[in-house]
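Here the structure comes first, spelled out in structure tokens, and everything after it is commentary.
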Amino acid sequence: MSVYEDLQARFDLPEVPPEGEPALVDVSRHVELAGALKDAGFTMYVTVCASHFPSVTPKVKKGQEPLPPTVEAWEVATVLRRPGPNSEAFAWRVRVERPVVPTLYELFAGADWQEREQYDLVGVIFENHPDLRRLMMPEDWDGHPLRKDYAIDTRVAPWR
Amino acid sequence: MNPIVHALVIGVPLLTFLMGGAALATWFERRFSGKMQTRWGPTVVGPAGLLQPVADALKMMQKEDIVPRAADRTLFNLAPLFPPFLVIASAAVIPFAATIDADGAVKATGVVADLDIGILWVMALAGLMVFPIWVAGWAANNKYTMLSGMRMVAQGISYEIPMVLCALVPVIFAGSLSLSDIVAYQAVHGWNALSLSPSAIVGAVAALLFFLASLAEANRIPFDIPEAESELIGGVMVEYTGIKFGIFMLAEYLHTIVASALTAVLFFGGPLGPGPAVLGLGWMLGKTLVLFVLIYWIRWSLYRFRSDQLMDLCWRILVPLSLVLVMLSALLVAGGFA
Amino acid sequence: MSSRVGLNWIWQSAKAMIVTGKHLFEPRTTEGLRPAESRAPRYRASFALVHNEHGEEACIGCKLCEKICPSDVITVVGGPKELSEATGKKRGTCTDFVLDLQACIICELCVQVCPVDAILMVREQEVPGYSREDLVLTMDKLYANEHDKALYWGSGSALMEMQNPKKEASS
Amino acid sequence: MTAFAVIAGIILASGLMVVRSENLVHSVLWLAVTLIATAVQFVLLNAPFLAGMQLMLYTGGIITLMLFGVMLTIRDEGVDIPNPSEGHLAGAGAALAFLVPTLYAIWGTPDFGPMVDPITAKDIGSSFLGPQLIAFEALSVLLLAAMIGAIVLVRRKDP
Amino acid sequence: MQEQWVSALVFLGLAFSVPLSMLVGAALVRVRAKSNLEAKYDTYECGEEPDGPAWVRFHPRYYIVALVFVLFDVEAAFLFPWALTLRELGTLALVEMFVFVTVLLIGWAYALRKGALSWQ
Amino acid sequence: MTEFPPRVDPHFDIEEYDPEADLMALNMGPQHPSTHGVMRIKLFLDGETIVKAVPYPGYLHRGVEKLCEKLTYVQITPIFDKHDYVAPMTNEQAINLAFEKLLGLEVPLRARVLRTILAELQRIASHLLWLGTFTLDIGGTIGGGASMMMYTFREREMILDLFEALTGCRFHYNTHCPGGNRHDVPEGWETVVKAVLDAIEPRFDEYEALCDNDIFLVRTEGIGVLPPDLALELGQTGPVLRASGVDHDLRRDAPYHAYDLVDVRVAVDDGCDSLARYKVRVAEMRESVRLVRLLLPMLPQGPIVGSKPIKSLIQFKAAAGQVYVGMETPRGELGTYLIGGGDQRGAAPYRCKIRPPSLHAMAALPYLLPGHFLSDVVTVLGSLDPIMGEVDR
């Protein structure tokens with residue numbers, strides 16, 4: 001039985017993951033899933049990717065009812081890997097409407113810097129992280145640059 | 001001869017030799033390392049880049065003098081005066097030429113001041129050498145210079161022990177502290193480190209250790225921990241600009257020349273060699289040159305130790321080994337082998 | 001675990017010194033700034049705007065290169081459509097073309113997309129200048145480069161052909 | 001005699017600066033000047049070996065020890081904080097109290113006349129291995145004790 | 001005797017004139033900045049503001065090394081006169097010095113065992 | 001099984017350290033000769049022993065991930081040359097692998113084999129530069145280290161010449177595009193490659209002669225010990241992971257390009273220290289030479305681009321989808337987490353998260369440095385081989 005099948009029952013994962021697309025997991029099971037994967041041999045912490053989905057009002061075609069704007073959301077995708085021959089990566093993501101996600105630091109020490117980076121750039125707060133400071137940007141920087149609503153002043157290069 | 005005239009007649013050429021040698025040493029090092037690394041080195045200024053040291057000196061003279069705000073101004077400005085002074089001064093007792101007396105005995109000459117405590121003079125001045133450098137490091141009030149200065153003193157004093165002890169070996173053989181007496185002894189009994197007598201084995205090992213210890217005193221790779229630029233950036237010279245920085249560099253290059261000359265005198269017969277005594281100066285310069293090239297060859301081939309390994313090597317191996325050498329040479333003398 | 005320093009490093013050092021000593025007698029490999037002739041034929045360094053086979057300025061001001069440039073260094077001002085004397089057809093023109101070499105990353109994408117092979121790369125680097133303006137390639141400089149500097153092998157269509165070769169007997 | 005007086009003046013002046021300096025490191029460096037000047041004095045007194053020893057042991061060794069001692073003891077504030085000497089009167093009194101017996105001893109010593117033969121290292125060696133042998137060997141034990149004591153005292157407690 | 005020392009003293013003066021003349025010469029020809037930025041006189045710490053003073057308390061191991069050095073230096077000081085008298089006194093000097101050195105080597109071994117000389 | 005020291009707590013409160021000791025807070029970097037770029041490590045020193053090390057990356061942050069959201073798939077490849085400026089070739093390949101998976105593009109075999117050869121050549125070049133700078137850190141810029149650096153750079157130049165002959169550039173090639181390569185092999189290139197390999201291979205023995213030295217051994221052995229479990233947790237990949245005794249290499253374990261055609265011998269060392277990392281990298285260089293020799297005759301005829309050649313800004317479009325693709329670059333697994341459907345009507349990624357192996361390597365510093373000396377900082381840092389352009393992006 002593959003790891004995916006084993007976890008599918010426990011974590012309500014979709015039947016077959018869409019091609020390459022990581023499964024969506026409820027945020028309450030986030031840490032649990034990571035722990036289960038670690039026990040199943042996925043001991044290498046590969047990456048975490050937070051992304052921001054701002055609230056957008058869908059375009060309305062003529063004759064259709066105006067749709068309500070989408071809810072602002074954050075997705076945090078985590079990738080783990082089983083090292084060794086026939087290595088396999090496992091990715092899943094959690095979707096939250098408030099940018100708060102539990103940290104994986106207790107399980108994977110490498111989450112320390114990776115989550116700091118995501119906090120810095122996207123502004124997702126990782127709960128119980130021991131040292132959630134900015135990693136890339138200066139400490140007094142305003143805002144989180146990778147948010148979609150982060151304003152970029154101009155496209156003109158400063159030396160022009 | 002009037003001692004003042006004597007000092008000037010020999011001292012001024014010696015000084016010229018040392019300064020010119022140090023200037024050439026910078027050129028030589030860059031050409032030599034360039035050749036070793038399959039690149040060119042300086043080629044632009046003068047024929048084969050020979051005027052590069054002059055250009056460097058002029059450049060350093062022109063640079064603005066910056067004293068950091070936090071520094072101890074007086075000591076910061078005074079410290080560069082001493083390293084070259086001490087190095088040059090220690091060359092005062094080194095004989096550079098030889099003559100043959102009326103009774104056929106070889107006598108070393110070409111020495112500014114043939115003190116009877118010659119070796120002690122060199123060792124004492126070498127021991128003082130660490131202070132200006134420490135003061136430079138302390139006065140800059142910079143963490144890197146401070147660490148470098150502390151390392152410098154720790155290394156300098158540690159390696160002074162094996163250096164002094166190894167210098168004792170020719171002293172024991174010759175029964176005199178004067179360098180010209182040591183040369184005279186070698187004229188009779190063969191070179192301390194290179195002859196057929198049994199004492200040469202002890203002498204050779206002592207020469208090796210002495211050479212290593214002088215490398216350490218001169219802060220050359222593999223012992224250039226105080227100046228380890230990959231971690232401490234520029235050693236004690238971090239905050240120095242212009243000619244003050246240049247003076248420290250000058251002292252380093254002078255140190256290699258003096259160390260080679262001293263090793264040549266103590267262990268390799270100094271101005272002795274086949275041929276008439278007139279050639280003594282040539283022999284001395286030749287031996288110095290060989291040792292000098294060796295220093296640079298070592299420098300561009302080896303990596304550097306870490307500070308703790310440096311101390312470890314000194315205290316765990318070099319100090320007891322040199323003590324054993326001293327005892328062995330004493331045994332040889334008492335047994336009539338030397 | 002950690003080994004300690006012994007005296008045997010003296011012998012090992014001799015070995016290292018033999019290696020460095022050997023290099024004393026090897027030829028020196030460092031060269032000065034390499035002339036373009038010794039460079040590979042594909043070497044690319046700077047840009048030129050060229051004339052087409054009819055002797056007209058080849059650029060038609062279509063702004064494809066301006067759009068694809070990842071670092072936004074190209075500014076094209078398109079001109080009015082003119083009647084070409086050679087072919088007798090209407091074609092676009094370009095009134096101004098500025099390429100700011102300071103931020104250029106020499107990615108070749110502008111050459112790749114040019115439909116009329118108007119922009120090419122040259123195999124000689126621009127001479128460093130004293131002001132920022134010296135490295136801004138204006139239209140004049142770009143057309144001067146066509147004659148002053150050695151053009152490289154490729155053009156938009158040459159690159160296309162390399163990437164999409166005529167059907168051959170595939171193995 | 002002139003040289004002697006000049007050097008003596010340097011010794012006194014630098015000795016005073018040792019006490020007067022508000023910076024510990026400066027004090028130590030002034031002390032180094034004092035010790036070097038003393039070495040020159042030994043040369044003038046025809047004892048070059050002692051001069052060499054003075055340079056090697058005192059200036060080379062003891063000053064290092066003191067510098068490291070200073071670097072070991074100063075606290076966060078650094079050494080640039082003024083550290084003026086206190087109790088000038090008491091100090092002067094103590095110095096005087098030391099001066100009186102010294103002067104007495106100097107006057108009580110018979111005049112040897114001018115020194116002609118320099119004291120060579122050889123003389124010192126023969127006297128060590130001859131008449132002063134017991135003291136010499138006892139010295140080695142003293143050095144041993146000093147080393148062990150220093151190591152025991154200075155070592156930071158094992159965590 | 002004294003003559004040699006006079007020569008040495010003259011040479012000391014010569015030696016001292018070298019760095020002195022370099023400093024003085026540089027002071028005459030060097031560039032002086034017209035305007036001064038405050039930052040130029042900052043202490044260098046890799047481009048960051050220095051965090052805490054450089055003059056801090058140092059580790060005692062430096063002190064131990066200095067102490068051991070002084071002891072060995074004293075020993076070397078005694079070895080010098082001994083080395084000169086060795087030829088005259090012969091075996092007696094040898095034995096006496098062996099005792100002296102052995103006692104010191106015990107101290108060295110003690111220092112080594114206690115780790116006073118290792119940097120760790 | 002070797003005993004490893006207990007894991008260091010990177011968030012150790014410095015106030016709790018021995019109050020008797022005076023700690024010196026020393027900034028190493030950003031302007032420092034051996035931090036491999038602009039990085040700052042704040043060190044708390046007790047004497048010369050490091051008690052705590054706090055790295056501050058970000059001095060070279062150029063916002064590439066934000067840039068990727070604005071640029072299209074066509075434009076991103078040349079931008080990606082710039083983060084790992086030591087191994088740009090593999091960077092391009094890594095991002096294009098992700099694009100191809102997201103866009104569903106097929107890569108023809110010729111391009112795959114060519115990419116494999118380029119990746120292996122780039123690995124040699126990158127490791128050569130690493131060896132030069134590593135020994136430079138240990139041996140000094142004025143010393144034996146510099147000699148070694150000159151030698152390795154000489155050989156690296158040969159490989160860059162090969163790249164120049166192929167792509168026209170020595171550094172920032174832009175030779176890959178989604179679905180294949182842009183430059184085909186010039187005539188006679190294979191023979192030149194063979195000649196260069198023949199010239200380089202005997203040099204490895206020379207490097208080993210220079211490094212087979214007690215000074216090098218004591219400087220590296222037992223320095224920066226990274227236990228395998230910690231290495232995995234921290235996400236170490238590449239030579240750093242393999243030097244910690246984990247037998248993992250994506251080239252063999254999850255083949256991409258044409259690695260399934262050859263048998264990759266993975267170099268593993270149980271030493272876990274800086275010396276092991278040196279050994280693994282030298283072994284990898286030899287292995288890469290072997291692989292290139294194997295692959296050169298395998299280069300088939302055929303097209304080098306699967307899709308149509310680039311002709312427009314918005315040639316490739318993906319409406320949605322999320323993929324993660326990792327690739328073994330000289331420094332380890334360079335992964336890309338890509339979300340499709342961004343600007344320009346889907347021609348730009350919505351979010352492009354780059355997983356730089358160097359950032360993970362840097363994250364190991366707070367674990368590796370405490371307990372070592374100041375001099376070991378450069379050894380440990382050098383052995384991890386971080387490229388700051390890649391760390392900060």
Side-chain angles (χ1 to χ4, degrees), chain B residues 3-4 6-8 11-12 15 19 60-70 80-81 84-85 88-89 92 112-115 120 141-143 146 150 154 157-158 160-161 164-165 168 171-172 175-177 238-239 242-243 247 307-308 311-312 315-316 319-320 323 326-327 330-331 333-334, chain E residues 1 3-12 14-16 18-20 22-23 25-27 29-33 38 40-46 50 53-56 58 62 65-66 68-69 72-73 76 79-80 83-84 86-87 90-91 93-94 97-98 101 105 108 111-112 117-120:
Chain B
I4 296 177
H6 174 83
L8 289 177
V12 172
L15 204 62
M19 297 303 292
M60 282 177 176
M61 299 271 261
Q62 289 175 19
K63 294 244 170 177
E64 194 190 340
D65 183 47
I66 297 174
V67 181
R69 202 182 304 114
L81 278 173
F85 162 65
I88 296 173
V112 175
D114 186 15
L115 307 177
L120 216 53
N141 194 2
N142 176 312
K143 286 167 199 165
M146 195 65 240
M150 293 304 273
I157 58 175
S158 300
E160 203 181 325
I161 301 291
V164 169
L165 290 177
L168 255 175
V171 170
I172 290 170
S176 165
L177 289 171
V238 166
E239 296 282 12
I243 197 69
I247 288 177
S307 46
D308 61 317
M311 305 302 270
D312 205 46
W315 288 107
R316 215 165 44 82
V319 166
L323 263 178
V326 166
M327 290 297 124
L331 274 176
V333 167
Chain E
M1 173 59 217
E3 274 186 14
Q4 300 286 1
W5 283 93
V6 174
S7 298
L9 203 69
V10 172
F11 190 70
L12 282 186
L14 273 181
F16 197 72
V18 170
L20 195 65
M22 285 171 87
L23 276 185
V29 300
R30 74 167 151 245
V31 181
R32 278 167 188 80
E38 273 294 290
K40 188 153 76 182
Y41 301 97
D42 279 350
T43 302
Y44 172 79
E45 200 174 312
C46 289
W55 292 333
V56 301
F58 265 76
Y62 289 103
V65 167
V68 179
F69 159 72
F72 272 90
D73 219 20
L79 282 174
F80 272 103
L84 301 183
L86 188 61
R87 279 188 192 272
T91 327
L94 205 61
M97 194 39 86
F98 265 56
V101 170
L105 274 179
W108 170 80
L112 204 65
L117 297 175
S118 74
W119 219 230
Q120 303 277 1

| field | Residue B:V12 versus chain E: region with a heavy atom under 4.5 Å | value | both
| message | Could you report the tightest heavy-atom contact between B:L177 and E:F80, atom names first, then the distance? | response | CD2-CD2, 3.1 Å
| remark: chain B shares the most heavy-atom pairs under 4.5 Å, among E:V29, E:D73, E:L12, with E:L12
| With a 4.5 angstrom heavy-atom cut-off, which part of B:I157 approaches chain E: side chain, backbone, both or neither? | both
| Picking from B:L15, B:V326, B:V171, which has the most non-hydrogen pairs under 4.5 angstrom with chain E? | B:L15
| query | If you take all heavy atoms of B:A154 and E:V65, which pair is closest and at what distance? | reply | O-CG1, 4.4 Å
| query | Hey, which of E:A27, E:P19, E:A76, E:A66 has the most heavy atom pairs under 4.5 Å with chain B? | reply | E:P19
| request: Please look at E:L94 and chain B and tell me whether the side chain, the backbone, both or neither of the residue comes under 4.5 angstrom of a heavy atom of that chain. | output: side chain
| field | Among E:V101, E:L84, E:L23, residue most engaged with chain B (heavy-atom pairs, under 4.5 Å) | value | E:L84
| Heavy-atom pair count under 4.5 Å with chain B, highest-scoring of E:L79, E:L14, E:L9 | E:L14
| B:E239 portion near chain E, given a 4.5 angstrom heavy-atom threshold | side chain
| query | With a 4.5 angstrom heavy-atom cut-off, which part of E:L105 approaches chain B: side chain, backbone, both or neither? | reply | side chain
| field | Donor-acceptor pair, side chain of B:N142 and main chain of E:T43, under 3.5 angstrom | value | no
| request: Rounded to the nearest 0.5 Å, what's the gap from CE on B:M327 to CG on B:L168? Could you check? | output: 9.0 Å
| message | Counting heavy-atom pairs under 4.5 Å with chain E, which one of B:E160, B:K63, B:M61, B:M60 comes out on top? | response | B:M61
| So which of B:A70, B:P80, B:A92 has the biggest tally of heavy-atom pairs under 4.5 Å with chain E? | B:A92
| query | Residues two or more places apart in sequence or in another chain: which of them pass salt bridge (charged side-chain N to carboxylate O under 4.0 Å, His left out) with E:R30? | reply | B:D65
| remark: Here the pair of heavy atoms bringing E:F11 nearest to B:I88 is CE2-O, 3.2 Å
| note | If you tally heavy-atom pairs under 4.5 Å between each of B:I161, B:V67, B:V238, B:L323 and chain E, the highest tally belongs to B:I161
| query | Is it the backbone or the side chain of B:L120 that comes under 4.5 Å from a heavy atom of chain E, or both, or neither? | reply | side chain
| query | Do E:V18 and B:F85 touch side chain to side chain, with heavy atoms closer than 4.5 Å? | reply | no
| B:W315 side chain to E:W108 main-chain N or O, any donor-acceptor pair under 3.5 Å? | no
